[in-house]
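The block underneath contains the structure these notes are about, expressed in structure tokens.
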Amino acid sequence: MHALLILLLPGLLSLWRALASPLVDFQVAQPLTLPQDAKQCTVAILQRTFASSYGSPEVVQYTPPTDCGPAGSWAGISLNFTVTSNGTQYDRLGIFTFDNVEIWRTSTPEPTRGDGIVWTALKDVTRFTPLFAKAGTFVLELDNIVETGLDGEYATTLHATFYQSSAKHPPGQHADLIIPVTTLAADSGDVASVPSAFSLNVTFPRNAAAIYAEIIPSGNGQEEFWSMNVPNEYFGALPSGATYGDGPFRETRLFVDGLLAGVVFPYLVVFTGGIAPTLWRPIAAYAALDLPAYNIDLTPFVPMLSDGKPHNITLDIVSAEGDHAINQNWYVTASLHVVLDPSNKATTGAMTVYSAPLYASTSTTGKINGPGDVDFTVRASRNIHIEAEVVTGSGKSTYVVWTQSLSYENTQTYRQSASVQTLYQIAQGNMSSTHNGAEAIVDDFSFPFTMDFTYTDANWTTWITSVDHSYTRDLLSAPFMTRTNIQERQQANAFFELAPTGNFGNGTSSNTFSYSDAKGNTYTRTAASVNSTIVSDHEGGTLAAASPRPASSPADSDTQTGFARPRLPGRSAR
Ligand SMILES: *[C@@H]1O[C@H](CO)[C@@H](O)[C@H](O)[C@H]1NC(C)=O
Ligand SMILES: *[C@@H]1O[C@H](CO)[C@@H](O)[C@H](O)[C@H]1NC(C)=O
Ligand SMILES: *[C@@H]1O[C@H](CO)[C@@H](O)[C@H](O)[C@H]1NC(C)=O
Ligand SMILES: *[C@@H]1O[C@H](CO)[C@@H](O)[C@H](O)[C@H]1NC(C)=O
Ligand SMILES: *[C@@H]1O[C@H](CO)[C@@H](O)[C@H](O)[C@H]1NC(C)=O
Ligand SMILES: *[C@@H]1O[C@H](CO)[C@@H](O)[C@H](O)[C@H]1NC(C)=O
Ligand SMILES: *[C@@H]1O[C@H](CO)[C@@H](O)[C@H](O)[C@H]1NC(C)=O
Ligand SMILES: *[C@@H]1O[C@H](CO)[C@@H](O)[C@H](O)[C@H]1NC(C)=O
């Protein structure tokens with residue numbers, strides 16, 4: 001190369017870099033539904049660059065703002081989590097807790113080097129108003145590792161916006177008290193690691209009228225791809241390192257004093273380094289930036305829990321294996337949203353119907369055709385039915401009916417020494433709680449997930465994959481929440497190669513999202529990407545123009561190289 005050009009090149013490159021912009025990652029979601037015409041107060045909660053941050057979360061003291069009306073009287077509260085990163089790094093789990101209550105579980109899009117990445121995730125946290133109304137301790141645990149070959153740091157900021165209430169915009173609705181079911185550690189994200197089961201003694205106010213549990217479970221480590229784990233009876237037919245055992249069925253169970261109160265058949269959240277990073281760039285898999293929460297009505301247990309004594313709340317996760325074992329590990333928490341009776345007198349009453357088998361009904365069928373050549377199907381179903389009469393100190397009698405009807409199926413095939421793999425999983429069901437006939441919880445959901453995966457070389461260093469998955473959910477998570485209906489489908493294809501000079505790949509993604517709610521808000525978004533660049537993006541519905549949403553990426557020169565090693569079943573390299 002000509003000497004002058006060599007001298008000029010670094011200058012030209014830095015000029016080009018200054019002009020280029022970072023890739024904007026996002027997850028499709030409805031915009032905030034909070035009143036944009038209300039007076040707003042935005043406060044910085046925390047700012048932190050997470051480098052080598054294992055065991056070192058950000059812990060800050062929060063005080064409520066005073067300029068948007070009396071603390072707790074707000075029409076709503078939202079959080080804005082904005083992050084930049086540049087380098088090579090895994091996706092990482094982020095856990096926000098406030099006074100030991102988990103309020104948001106997120107994960108980080110994987111960065112690449114050069115222009116880096118940026119993303120903004122917004123979340124409505126109005127239901128946590130009882131926490132935000134008082135000074136407290138706010139924690140973000142984001143365990144990152146920086147070492148040779150992994151240099152991506154996550155530079156984060158978290159803002160909270162408070163919307164002033166008025167005659168036009170009444171105060172947001174929420175429970176009176178929120179009780180954490182977490183490790184209660186003062187200096188961490190407080191998530192319990194299961195197995196083994198996690199138990200906590202909780203003493204409830206004697207005048208509780210209703211209690212709604214909100215549970216957040218997520219698979220991690222050997223359980224990150226829990227849907228692709230193999231029943232132990234077929235595990236031996238696969239080459240070592242292909243995947244993990246203990247089967248693909250998982251349910252989260254919540255017990256009150258040893259009595260099963262309800263279960264969760266979770267949605268499979270794929271993080272942005274999962275299967276092939278180029279599947280999820282820049283459009284993350286649904287829920288990767290806002291992991292789903294699930295609700296169980298504990299109101300039938302209120303007569304038992306109102307005696308002023310400690311009660312044992314237990315969370316665990318079990319499989320369809322004979323011993324119900326799972327691998328390491330899941331992170332799980334619950335928050336208990338308690339509605340109080342104004343009387344200050346003890347609630348009484350009785351459970352009248354209790355039908356809740358300890359385990360789901362499950363079956364596993366399949367066949368081993370030869371080494372590395374296996375087919376199987378795991379099915380599970382469940383019915384829970386609990387009724388109770390709850391009589392509060394002020395004399396109000398409420399008849400509660402809580403039911404869950406859930407089904408699950410997982411079919412996997414492995415061919416050609418397990419180098420060709422397919423998965424079809426669907427979890428679906430109907431949950432309902434009524435209080436004197438009025439709906440308190442509704443959760444009708446369907447979570448189908450299809451994956452094809454083929455290694456295209458003998459050394460398992462290049463592969464092609466496609467994923468087609470949906471999140472369909474009609475949800476009323478508590479009577480003080482707004483009923484929402486979400487229908488999301490993402491179809492993505494990718495090629496990926498592990499290379500000593502930098503892992504690289506390409507891919508396409510197509511997303512169709514629609515949202516509606518009981519307040520009449522609607523929103524649709526269809527977005528597609530090719531090779532990390534958005535090629536189409538259309539919004540519609542009442543929320544499309546009215547509310548802010550994170551901008552999507554300009555077409556840019558994303559490198560698609562320098563990714564961290566993707567995480568695959570059985571081959572996780574954290
Ligand atoms: C990203 O980091 C690299 C060094 O690893 C640097 O050369 C580049 O300028 C950085 N990009 C931005 C946008 O800061
Ligand atoms: C819960 O409280 C009971 C006494 O009511 C005690 O025996 C038990 O050890 C406590 N359990 C935990 C996990 O603290
Ligand atoms: C709490 O309940 C769980 C599940 O029923 C049980 O395994 C555990 O031993 C109980 N813990 C205490 C301290 O009573
Ligand atoms: C849920 O309800 C729908 C109709 O309301 C029904 O078709 C479906 O089978 C139910 N699902 C389960 C798992 O019970
Ligand atoms: C597979 O790995 C072996 C040993 O590392 C190497 O000799 C061979 O060339 C590789 N084959 C392919 C197709 O990459
Ligand atoms: C996507 O990138 C790959 C290189 O990884 C390239 O071969 C392909 O042509 C690109 N596709 C499009 C549509 O630009
Ligand atoms: C990705 O790259 C592979 C191999 O270069 C190519 O066959 C494929 O068409 C590319 N995919 C896209 C979406 O461009
Ligand atoms: C979120 O915060 C970032 C700064 O941290 C800001 O640039 C952006 O405008 C905010 N987005 C919304 C919708 O408030």
Side-chain angles (χ1 to χ4, degrees), residues 21-22 24 26 29-34 36 40-49 76-84 112 118-125 154-163 251 263-265 276-279 281 289 360-361 379-385 403-409 426-432 442-448 462-464 472-475 485 492-497 499 501-510 528-536 543 546-552 555-563:
S21 52
V24 179
F26 65 96
Q30 71 280 10
L32 295 171
T33 58
L34 294 167
Q36 297 306 315
Q40 297 171 27
C41 297
T42 295
V43 300
I45 304 256
L46 61 84
Q47 183 158 21
R48 162 86 180 265
T49 296
I77 311 169
S78 64
L79 297 180
N80 171 342
F81 186 50
T82 294
V83 188
T84 59
T112 46
V118 61
W119 78 93
T120 290
L122 305 174
K123 187 174 173 82
D124 185 333
V125 291
Y154 290 107
T156 73
T157 57
L158 181 73
H159 289 92
T161 298
F162 300 80
Y163 301 75
E251 65 170 339
V263 300
V264 174
F265 280 16
T278 42
L279 289 168
R281 190 174 167 87
L289 302 193
S361 307
R379 291 191 176 85
S381 64
R382 251 214 183 274
N383 284 290
I384 288 175
H385 188 147
T403 59
Q404 295 189 282
S405 168
L406 311 174
S407 75
Y408 168 92
E409 182 186 327
I426 185 162
Q428 58 190 331
N430 304 310
M431 311 186 199
S432 156
V442 176
D443 192 348
D444 293 342
F445 69 94
S446 176
F447 303 146
T462 63
W463 59 94
I464 51 173
T472 301
R473 198 170 180 196
D474 177 6
L475 178 67
N485 191 304
N493 301 281
F495 158 83
F496 204 82
E497 179 165 342
T501 50
N503 304 328
F504 67 96
N506 63 47
T508 67
S509 171
S510 152
S529 67
V530 174
N531 282 0
S532 308
T533 299
I534 296 294
V535 293
S536 67
L543 295 171
S547 306
R549 72 157 166 89
S552 68
D556 77 358
S557 53
D558 184 55
T559 55
Q560 304 200 96
T561 64
F563 290 99

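Residues take their numbers from the sequence shown, with the count starting at 1. Atoms within each ligand, like the ligands themselves, are counted from 1 in listed order.
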For Ile464, all residues meeting side chain to side chain contact (heavy atoms under 4.5 Å, CB included), sequence neighbours excluded: Thr454, Thr456, Phe495

Are there any N/O pairs under 3.5 Å between ligand 6 and the protein, and if so, what are their distances?
unit_1: ligand 6; atom_1: 2 (O); unit_2: Asn531; atom_2: ND2; d: 2.4
unit_1: ligand 6; atom_1: 5 (O); unit_2: Asn506; atom_2: ND2; d: 3.3
unit_1: ligand 6; atom_1: 11 (N); unit_2: Asn531; atom_2: ND2; d: 2.8
unit_1: ligand 6; atom_1: 14 (O); unit_2: Asn531; atom_2: ND2; d: 3.3

If only side-chain N and O atoms count, and only distance matters, is there a donor-acceptor pair under 3.5 Å linking Ser432 with Asn430? no

Return a yes/no value for Ser405: is any of its N or O atoms, backbone included, closer than 3.5 angstrom to an N or O of ligand 4? yes

Counting each atom of ligand 8 from 1 as listed, which ones have a heavy atom of Thr157 under 4.0 Å away? 5 (O)

Side chains of Tyr154 and Arg48: closer than 4.5 Å at any heavy-atom pair? no

Polar-atom distance check: Gln428 versus ligand 4, any N or O pair below 3.5 Å? no

Side-chain heavy atoms of Leu406 within contact of Glu251, under 4.5 Å: no

Is it the case that ligand 8 has an N or O less than 3.5 angstrom from some N or O of Thr120? no

For the residue pair Thr161 and Asn80, establish whether any side-chain heavy-atom pair is separated by less than 4.5 Å. no

Classify the angle between the aromatic ring planes of Phe496 and Trp463 as parallel (below 30°), tilted (30 to 60°) or perpendicular (above 60°). tilted

Between Val43 and Phe162, is any pair of side-chain heavy atoms under 4.5 Å apart? yes

With atoms numbered from 1 as shown, which atoms in ligand 8 lie under 4.0 angstrom from a non-hydrogen atom of His159? 5 (O)

Show the atoms of ligand 4 that are less than 4.0 angstrom away from any heavy atom in Gly429. 13 (C)

Would you mind reporting whether Ser78 and Leu122 have side-chain heavy atoms less than 4.5 Å apart? no

Going by atom types only, do Ser407 and Ser381 share a side-chain donor-acceptor pair under 3.5 Å? no

